[in-house]
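The sequence lines fix the lettering, A, B, ..., with proteins before strands; numbering per chain opens at 1. In this text, all values refer to a predicted model and were calculated from it rather than measured experimentally.
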Amino acid sequence: MNPVSSPALLSQQQALSWARAPAACLNFNCMLILLPVCRNLLSFLRGSIQHCSRTAARQLDRNLTFHKLVAYMIGFHTAVHIVAHLFNFEWFMGAQLDRNSSLLPFVLSEIGNGDNASFLNPIRTNETNPTIVMFTTIAGLTGVVITLALILIITSSMEVIRRSYFEVFWYTHHLFVIFFIGLVFHGFGRIVRGQTNLQAHNPFQCRDHFETWGENGTFCPKPEFAGNPPMTWKWVVGPMILYVCERMVRFYRSQQKVVITKVVMHPSKTLELQMKMKGFKMEVGQYVFMQCPPVSALEWHPFTLTSAPEEDHFSVHIRIVGDWTQGLYEACGGDKDETQDRVKNPMLIDGPFGTASEDVFNYEVVMLVGAGIGVTPFASILKSVWYKTIQQNQNVFTKKIYFYWLCPETQAFEWFADLLQSLERQMTSKNMADFLSYNIYLTRWKENEAAHFRVHHEAENDPITGLKQKTLYGKPNWDNEFSTIGTKHPNTKVGVFLCGPTMLGKALEKQCLSHSEAGVKFIFNKENF
Amino acid sequence: MGKIEWAMWANEQALASGLILLTGGIVGVAGQFRDWQFAAYAVAAGVFVCLLEYPRGKRNKGTSVERTGQYCFTVCVKSFGPLTRNYYVRAFIHAGICVPGGFMLATILGCVCLGIASLIYLAAAIRGEHWEPILPRKDSARKPVADSINRPPQNPPPRPPAEMRRKRAEDLEGAAYVNPIPVTANE
């Protein structure tokens, strides 16, 4: 529209800009939103970037945060876009309704009435209303459909729904397919018009003479318009293709046959599955996505691998907390008492995918902190440590590991205690008792248990874990721990790895910052699912 | 999708719809659109829906997370008794409220979203769900505290007092000790 002096018309002209600006941002954001969820692509990038810069590669671990931020932006820009278009529709309609040749909007609306091609105002008649126009244009119809899809996606992605009713979140999220299809077709009606004869008709010179456009003797012919070609597809076609490839890769990888070699039920409702798959190669602390078709044909859930790369199988420890894990437990025959061999159950695996734990062996001194079930990635690391040390030809860069396990109940120790016991024996037999120093903190206990601990306080082995290092009670004093480690290892980079709740992460991050002084540097790494 | 509580999602959808209806109404009124009366209605309807849907209900299974400051809204909504407790009533209320929004472009999005929320509430009602208020736990429900609360323990459990913990290697007989408190299970 031409720039004019009246304020009302000025704001009318601006409304279109207010709609097109967020549209441009939406093009960019919709391009970005698909990329962080292509986890196979990210895994590949991570591997390649790692050779250049470990810090850069670690940013890829925050892909879900990035996905959410882009989603918030899409929601915001959609809202601005819609509000601006509400004003546009209202004023375009008004331009057709106030049929007075001394009004510029009406004159502009009359353009193109003859051939119905060079028009400016997409509302072509005064015998309609904005709602009808919306449902009879491609742009309007696709706009409604994709906005509805977006709103449903957003409401089902709220944390409450996501954490408790994962299926609703997962299935509704697939409305994004409709969103992208509608988005691509949103501009195909060419409803946004651009002037085609700017040479002959200069808006700045001709705007005040609109009553005499095209008449004999004037130097302003009537302006002509045509639809602007659709642009969105150019932005999103690349990521859409990448995402399709990602799903095909996931499907292909999931077709590899997985054999469950052992099912073990541990106390504290923890299920261990040992599996083998052709061509499966893992690193320490990685995770896989698992699908169990007898339980649910469409859901994939992530689990940390608890086995070491040096073993001939790979294993996961799963806590039974919800529908899917309970179904998995029954499908693996877990409710029968004995451990089973060669369970014939189709299980699909996608992965492994990398996390920060891969970096553990790049540090000379390492602090590992696991809270409750968060200890699982460290099970993999400690096992790998054990294998590496008994194979003497391995030159391990890591010289000292400090391991902290915070746990609210004693039964949870049992499956992990076995691992620690064998490590303890191995280390002692190779005179490497100093290599691994572990501290187990029991954060909650009952009265009768407390009495038992008190009695056995003097025993050589800990009454709970059977280990030589005693279980400690309550929460660790991180300030002390960091100071001690900082003093013992001056001039080193100490890697701090956490798998646990956000609050603990914040506390540790603060400690890392406050204790990193001349020489010793604490570098914080966090992983979360 | 066995144990989904549809009401939880319906609640999120309805709250979002209320906000969308409100926004559309404000745009219609502030921009002095032609059918601004519908927009004015949408403002009122949007506010009503938001107030009704803001307090989250209690979940059947698992911990319920409250929205910030929802307690006063909970009390208000609870006072309507069966009208707000029953999800059939809610489904029909939302279906009724959303209809006038369909007559104007600015409010039509809120209308459709509220209609969808109404359908999800209908599904919840058919599955037998109902709205329970999240109330703070009453103190009288807890067991009466034992007398020992007035005498706090002198030592953190479970270690014995400091002088007992000191190891006396040169005196093995003296290093052994008798339990100061008899060990019994606490039922």
Side-chain angles (χ1 to χ4, degrees), chain A residues 11 15 79 82-87 89-91 93-94 97 129-135 140 143-144 147-148 151-152 154-161 163-169 171-172 296 322-324 326-327 442 445-458 463 473-474, chain B residues 1-6 8-17 20 23-24 26-28 31-35 56 59 61-65 67 102-109 112-113 116-117 120 153 155-160 164-165 167 175-177 179-187:
Chain A
S11 38
I82 293 178
V83 169
H85 270 320
L86 287 177
F87 282 98
F89 270 78
E90 184 72 14
W91 286 328
M93 192 69 230
L97 289 177
N129 67 51
T131 313
I132 295 179
V133 172
M134 183 180 76
F135 280 109
V144 168
T147 307
L148 276 177
I151 291 173
L152 284 172
I154 290 178
T155 55
S156 63
S157 306
M158 303 300 292
E159 179 126 16
V160 168
I161 310 287
R163 295 266 173 218
S164 319
Y165 314 112
F166 186 79
E167 300 93 333
V168 170
F169 157 69
Y171 293 140
T172 316
S296 164
D323 281 2
W324 189 85
Q326 180 67 31
L442 181 64
W445 56 85
K446 298 206 243 325
E447 266 299 314
N448 48 352
E449 292 176 341
H452 178 77
F453 305 153
R454 206 183 293 128
V455 169
H456 288 94
H457 168 73
E458 297 280 318
Y473 302 97
Chain B
M1 292 221 246
K3 298 184 181 65
I4 163 86
E5 283 176 57
W6 292 104
M8 289 289 128
W9 184 26
N11 173 264
E12 299 286 336
Q13 180 71 16
L15 187 60
S17 313
I20 294 171
T23 312
I26 291 177
V27 165
Q32 298 169 348
F33 287 8
R34 262 174 293 281
D35 294 323
R56 221 178 244 143
R59 281 172 59 181
K61 266 179 66 181
T63 42
S64 313
V65 181
R67 291 203 176 98
F103 288 95
M104 187 188 172
L105 185 60
T107 52
I108 204 170
L109 186 63
V112 178
C113 287
I116 293 178
I120 308 178
N155 307 298
R159 303 225 186 281
M164 298 292 185
R165 271 183 280 151
K167 289 189 189 158
Y177 62 92
N179 289 326
I181 301 167
V183 176
T184 49
N186 189 28
E187 291 304 327

Report which part of A/I82 has an atom under 4.5 Å of a heavy atom belonging to chain B: side chain, backbone, both, or neither.
side chain
Are the side chains of B/N11 and B/R67 in contact, using a 4.5 Å heavy-atom criterion?
yes
If you round to the nearest 0.5 Å, how far is CE of B/M8 from CD1 of B/I120?
12.5 Å
Min side-chain heavy-atom separation A/E90-B/L105 under 4.5 Å
no
Turns out that what part of A/L86 lies under 4.5 Å from chain B's heavy atoms comes down to both
Identify which part of B/L15 has an atom lying under 4.5 Å from any heavy atom of chain A, answering side chain, backbone, both or neither.
neither
Just say parallel, tilted or perpendicular for the rings of A/F89 and A/H85, cut-offs at 30° and 60°.
perpendicular
Would a distance-only check, ignoring hydrogens and angles, find a side-chain to backbone donor-acceptor pair under 3.5 Å from A/T155 to B/Q13?
no
State, with a plain yes or no, whether a side-chain heavy atom of B/F103 is found less than 4.5 Å away from one of A/T131.
no
Max heavy-atom pair count under 4.5 Å with chain A, selected residue of B/E12, B/R34, B/M104
B/R34
Top contributor to chain A contacts, counting heavy-atom pairs under 4.5 Å, from B/S64, B/S17, B/A16, B/A106
B/A106
Would you mind checking which part of A/I132 comes under 4.5 Å of any heavy atom in chain B, side chain (CB onward), backbone (N, CA, C, O), both or neither?
neither
Counting heavy-atom pairs under 4.5 Å with chain A, which one of B/I108, B/D35, B/T23, B/L109 comes out on top?
B/L109
